[in-house]
Each structure stands twice: as structure tokens, then as C-alpha cells.
Amino acid sequence: MTDEDPLQAFLDDVHLLAPDRLSTAVASRGRQLGAEETVVYLADYEQLLLQPVRGEGVPPRQELSVEGSIGGRAFRRVEVLSTRVDGRTSRLWMPLLDGVERLGVVEMLVRDLTPTLEARLRALVSLASELFVVNDKYTDIFAQLRRRKTLSLAAEIQWELLPPLTFGSDRVVISGALEPAYDIGGDTFDYAVNGPTADLMVLDAVGHGLPAALLAAAAVGAYRHARRNMWDLPDIAAAMNDVIAGEFTGSRFATAAIARLHLDTGQLRWVNAGHPDPLVVRNGALLRPGPCKPHPPLGLQTRKPDVCAMQLHAGDRVVLYTDGVVEARSPDGEFFGEDRLADFIHRASADGDPAPETLRRLMRRVLDHQADHLQDDASIVMVEWRTGDERQLQI
């Protein structure tokens, strides 16, 4: 053991560290801190399994079930868990987080664990998570590891378009999900938090497969371009409409809900382009926004759409979704429906599930409702508005 600080040494390593050496470096610096073994696991695209990232000096491990393992529970609950191996040795399971976005977990075998040592190991895991995110831009290794089966080309395009699945601050929590993870076509979503506002968009491009994915990609590009130019919602919708109408023939179109939440006041504004209106879950009850004039889908509009508005209460959860969620149909013909959606979100909140876990479980429930066979793509974004004064922040 040298006097070299392992965390500082880890930072020095990373500038010339090849992505395939990252797990090795984490394990090495973990040993310097006092962890006899360190293994990083990444969640697969469906968030059903945790896959170990192998490397030189990393002890061999098998994949873990998110639903049926202690590591999976640490992932689901976003909390550090510890089990006793013997009188002096503990096995730690720490969530691997990018902000509040769940990437996976880290397993550490530690002798003579103290609060100070645990804090140092937490710092190593936090640094490692950021490095996995950065290195993912330079390699295919982690994307390949996260696949339980082959992605369709359309799904490959859609996953590359997505923002991080979860963002959280003291003012807002945003979380999204989409299925089928390996074969998604025309559904997508996007968001951005810019100072006092959070911009949100959920889109359903007509059709399936690659043609739908290409239309969705163009629509998302137009959305980001207009949003970054700081345009208002009707102008953003008009820009997206013009791109779809101008570049895609044969009456191709996309439905969308495009929203903006003012974080200081809780005012929610949105435009409806042939899409389901947002739902609001307040204290367990489903609220439907007041009358809001719908407009034709993007690509078929002849004028800018009107803006709808609603005042939120602190703790409200706003749900933007595509029809593949509520119109998921069971084998006997029963729709999943808006009431079941709202009830599931309320019960998950009462159970203490954080927002990303709520949506992960929701998508599993939607798939179960359709006997594991979606007839349509399904995507959803849930937004919780906060005043910043809540005593306990659950992300």
C-alpha cells in the first residue's frame, strides 16, 4: 500500500484509459481503498438483468436478476445494501448512478467496514459511474453487454435518440420508459431542463420499423432545434410539422404531446397534435385537464396549434404517454386503460418506489396485461413537480 490517494490516482488514470480497462481500474482502486473484490454490473435494455463487466483482475460473476437478487434490490430501491459474509467481512451492493439515472450496481467485498471506508467506496462508485457514461461514447462494449438479444435497426436508432431515462432535482423529477425495448419503432420521447423550465415531448410516428424510426428521428431533430432556439410551443410544433410534411410523402405523420413546465410556478402548458392529453395523478386520484382543443397530427397541420394550460400542485405527477400504454389489450380484449395506469402510479408511490422503478414496473405490468406481446409500441414520461421545500426527496 502506498501513500497515493486511490481516488486521485483513478482520476489520473482515466485520461488515457481504454474503455475495456475500466472495470479493471475500478477493481484495482477498490482494492487500494480496502475492497477485496469489486465487480460492476450494468442493467440490460429491459432492466430485467444486471450483467457483470468482466476484466483482468475482476472476479468472475454470473448475471443477476433485477427482481430476484440483493443486487437487484439495490438497483430497484436505489439504496446501498449490505450482507454479512462472516464475522468481519461484508458484501456491499451500491447503485451505479449517473445523477439519478440507474446504470447498474457495484458489488464490493469488504473486511472491517467502517463508515469512513464506506464513504470512500461510495465516492469511488460515484466516480466510476460518470466514467462509464463518458466511455460509453467511445466504445460499443457496454452497449453490447446490455443486450440480451439483437436490437432491430429501428430500435438502435431510437435508443441513440433518447435522453437519459431519468433526471432529478429538488424541483422536478422526470423519468421515461419505452417498450418493446429491442424492437421499438415509431415511439420516442425527449426532455430538457433549462433553468426555470422543463420541456417535454412524447411522440408516436405512424407505422412500424425503420420508416417510423426515421420519421421519429427527423421529428426529434426538429424539436431540439426549435427548442434550443427558445421558440414557444406553437412554433416548435409548426417546425416539426413542416419537417415531416416536407420530407416524408404518402400522408406520413406523427402524433405528439409537447409540453413545458414552469418550475417556479407549477404552470403546465402543452399542445396536442392528435395525441392523448396528459394525465395528472394527485393524491392518488386521476385528474383530466380541462377542455383542450386537439389539433391534427404533425405533418398534417395547416396552422399553429393552440396552447392548453393547467396549474399543478406540489407533488403532482404528470403522465405523457402514447396510446400503446392505455390501449394495451389483454387476450380477452380488456384495455389497460387510464384508470389502471393512474392506480398503478399511485400504488407505486405509496410503496415508496422511486420514479424510474415505478415506470420499470409499469412497463412490465403493461406487457403482462398483453401476455408479453405488445400490439403497438408503448412509451411514457412521468414528471413530478416539487416546490423544493419537501422534507424527503424521493428520486
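Keep in mind that the numbers below use all heavy atoms, side chains included, and drop hydrogens, waters and symmetry copies. By convention here, the first residue in the shown sequence is residue 1. In this text the structure is predicted, and so the values were computed from the model without any measurement.
L48 and L64 fall into different hydrophobic clusters, where Ile, Leu, Val, Met, Phe, Trp and Tyr side chains are chained together by heavy-atom contacts under 4.5 Å. Criterion: ILVMFWY side-chain heavy atoms under 4.5 Å apart, direct or through other members. Under it, L81 and L113 are not part of a common hydrophobic cluster. L203 and L200 fall into different hydrophobic clusters, where Ile, Leu, Val, Met, Phe, Trp and Tyr side chains are chained together by heavy-atom contacts under 4.5 Å. Under a hydrophobic-cluster definition in which Ile, Leu, Val, Met, Phe, Trp and Tyr are linked whenever side-chain heavy atoms come within less than 4.5 Å, directly or via other members, V26 and M94 are assigned to the same cluster. Grouping the Ile, Leu, Val, Met, Phe, Trp and Tyr side chains by contacts below 4.5 angstrom, directly or via other members, places L127 with L117.
A salt bridge links R61 to E37: one of the charged nitrogens lies within less than 4.0 Å of a carboxylate oxygen. Under a 4.0 Å N-O distance rule, the pair K149/D183 does not qualify as a salt bridge. Ionic pairing of D353 and R347 is not present here: no N-O contact between side-chain nitrogen and carboxylate oxygen is shorter than 4.0 angstrom. A salt bridge links E107 to R91: at least one charged side-chain nitrogen sits closer than 4.0 Å to a carboxylate oxygen. Salt bridge status for D235 with K304: present, with a side-chain N to carboxylate O gap under 4.0 Å. Salt bridge annotation for D190-R227: present, with a cationic side-chain nitrogen under 4.0 angstrom from a carboxylate oxygen.
A side-chain contact (heavy atoms from CB on, under 4.5 Å) with H295 is found for one member of N272, V271, D306 and no other, namely D306.
In this structure, the side chain of R88 does not engage the main chain of D112 through any donor-acceptor pair within 3.5 Å. Checking side-chain atoms of R360 against main-chain N and O of Q47 turns up a donor-acceptor pair under 3.5 Å. Remark: the backbone N or O of Q51 is not paired with any side-chain donor or acceptor of E63 at under 3.5 angstrom. S23 places a side-chain N or O within 3.5 Å of a backbone atom of R54 that can act as its donor or acceptor partner. With E384 contributing its side chain and R317 its backbone, the two residues share no donor-acceptor pair below 3.5 Å. Checking side-chain atoms of S126 against main-chain N and O of R122 turns up a donor-acceptor pair under 3.5 Å. At distances below 3.5 Å, at least one donor-acceptor pair connects side-chain atoms of N135 with backbone N or O atoms of L131. Q158 contributes a side-chain N or O that, together with a main-chain N or O of D187, makes up a donor-acceptor pair within less than 3.5 Å. Formation of a donor-acceptor pair under 3.5 Å by the N241 side chain with backbone atoms of Q301 is found in this model.
Here CG of L121 is found 11.0 Å from OG1 of T116. Values are rounded to the nearest 0.5 Å. Taking CD from E36 and CG from L109, the interatomic distance works out to 5.0 Å, rounded to the nearest 0.5 Å. A distance of 10.5 Å separates CG in D98 from CG in D136, rounded to the nearest 0.5 Å. Atoms CZ and CG, on F335 and L341 in that order, are 14.5 Å from each other to the nearest 0.5 Å. Of the inter-residue distances, the one linking E327 atom CD with Q370 atom CD reads 10.0 Å to the nearest 0.5 angstrom. Between D204 atom CG and H275 atom NE2 the span is 6.5 Å, to the nearest 0.5 Å.
Counting heavy atoms of neighbouring residues, nucleotides and ligands inside a 6.0 Å radius, atom CD of E67 exceeds 12 of them. In the displayed structure, Q62 atom CD is contacted under 6.0 Å by at most 12 heavy atoms of other residues, nucleotides or ligands. Summarising the local packing, CG of N283 is surrounded by 12 or fewer heavy atoms from other residues, nucleotides or ligands at distances under 6.0 Å.
For the pair S379 and V202, the minimum side-chain heavy-atom distance is below 4.5 Å. Between F142 and L42, some side-chain heavy-atom pair lies under the 4.5 Å cut-off. At a threshold of 4.5 Å between non-hydrogen side-chain atoms, the residues R252 and P211 count as touching. Within the 4.5 Å cutoff, the side chain of V58 has no heavy atoms near those of the V40 side chain. Between V280 and H313, every side-chain heavy-atom pair lies at or beyond the 4.5 Å cut-off. Between D13 and R21, every side-chain heavy-atom pair lies at or beyond the 4.5 Å cut-off. Within the 4.5 Å cutoff, the side chain of P95 has heavy atoms near those of the V80 side chain. For the pair S28 and F10, the minimum side-chain heavy-atom distance is 4.5 Å or more.
Between H369 and F336, the angle of the ring planes goes over 60°, which puts this pair in the perpendicular group of the 30/60° scheme. The aromatic rings of F167 and Y191 lie tilted to each other, with the angle between the two planes from 30° to 60°. Using a 30° and 60° split on the angle between ring planes, Y41 and W93 fall in the tilted class, from 30° to 60°.
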Side-chain donor-acceptor contacts of residues 242-249 below 3.5 Å, not counting sequence neighbours, with atom names and distances?
none

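Side-chain atoms of T197 and N194 form no donor-acceptor pair, as typed in the model, at a separation below 3.5 Å. Judged purely by distance below 3.5 Å, without hydrogens or angles, the side chains of R147 and Q144 never pair a donor atom with an acceptor atom.
Between L92 and S82 the shortest heavy-atom distance is CD2-CB, 3.6 Å. D351 and R361 make their closest contact through OD2-NH1, 4.3 Å (heavy atoms, listed as atom of the first residue, atom of the second, distance). In plain terms, the two heavy atoms of A328 and V366 that are nearest each other are CB-CG1, 3.7 Å. Looking at every heavy atom in both residues, H262 comes nearest to W385 through O-NE1, 4.2 Å. Closest approach of L7 and A123 over heavy atoms only: CD1-CB, 3.8 Å. Shortest non-hydrogen contact noted between G185 and A154 is CA-CB, 4.2 Å.
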Test R102 against L97 for side-chain contact (heavy atoms from CB on, under 4.5 Å), laying out the working first. CA-CA 5 Å; R102 304 180 301 178; L97 302 173; 4.0 Å; yes
If you apply the rule side-chain contact (heavy atoms from CB on, under 4.5 Å), what do you find for D377 with T322, and how did you get there? CA-CA 8 Å; D377 295 345; T322 60; 5.7 Å; no
Residue pair L178, L162: steps toward the side-chain contact (heavy atoms from CB on, under 4.5 Å) verdict: CA-CA 10 Å; L178 76 173; L162 290 177; 3.5 Å; yes
Stepwise side-chain contact (heavy atoms from CB on, under 4.5 Å) test for L312 and V318: CA-CA 9 Å; L312 300 183; V318 180; 3.7 Å; yes
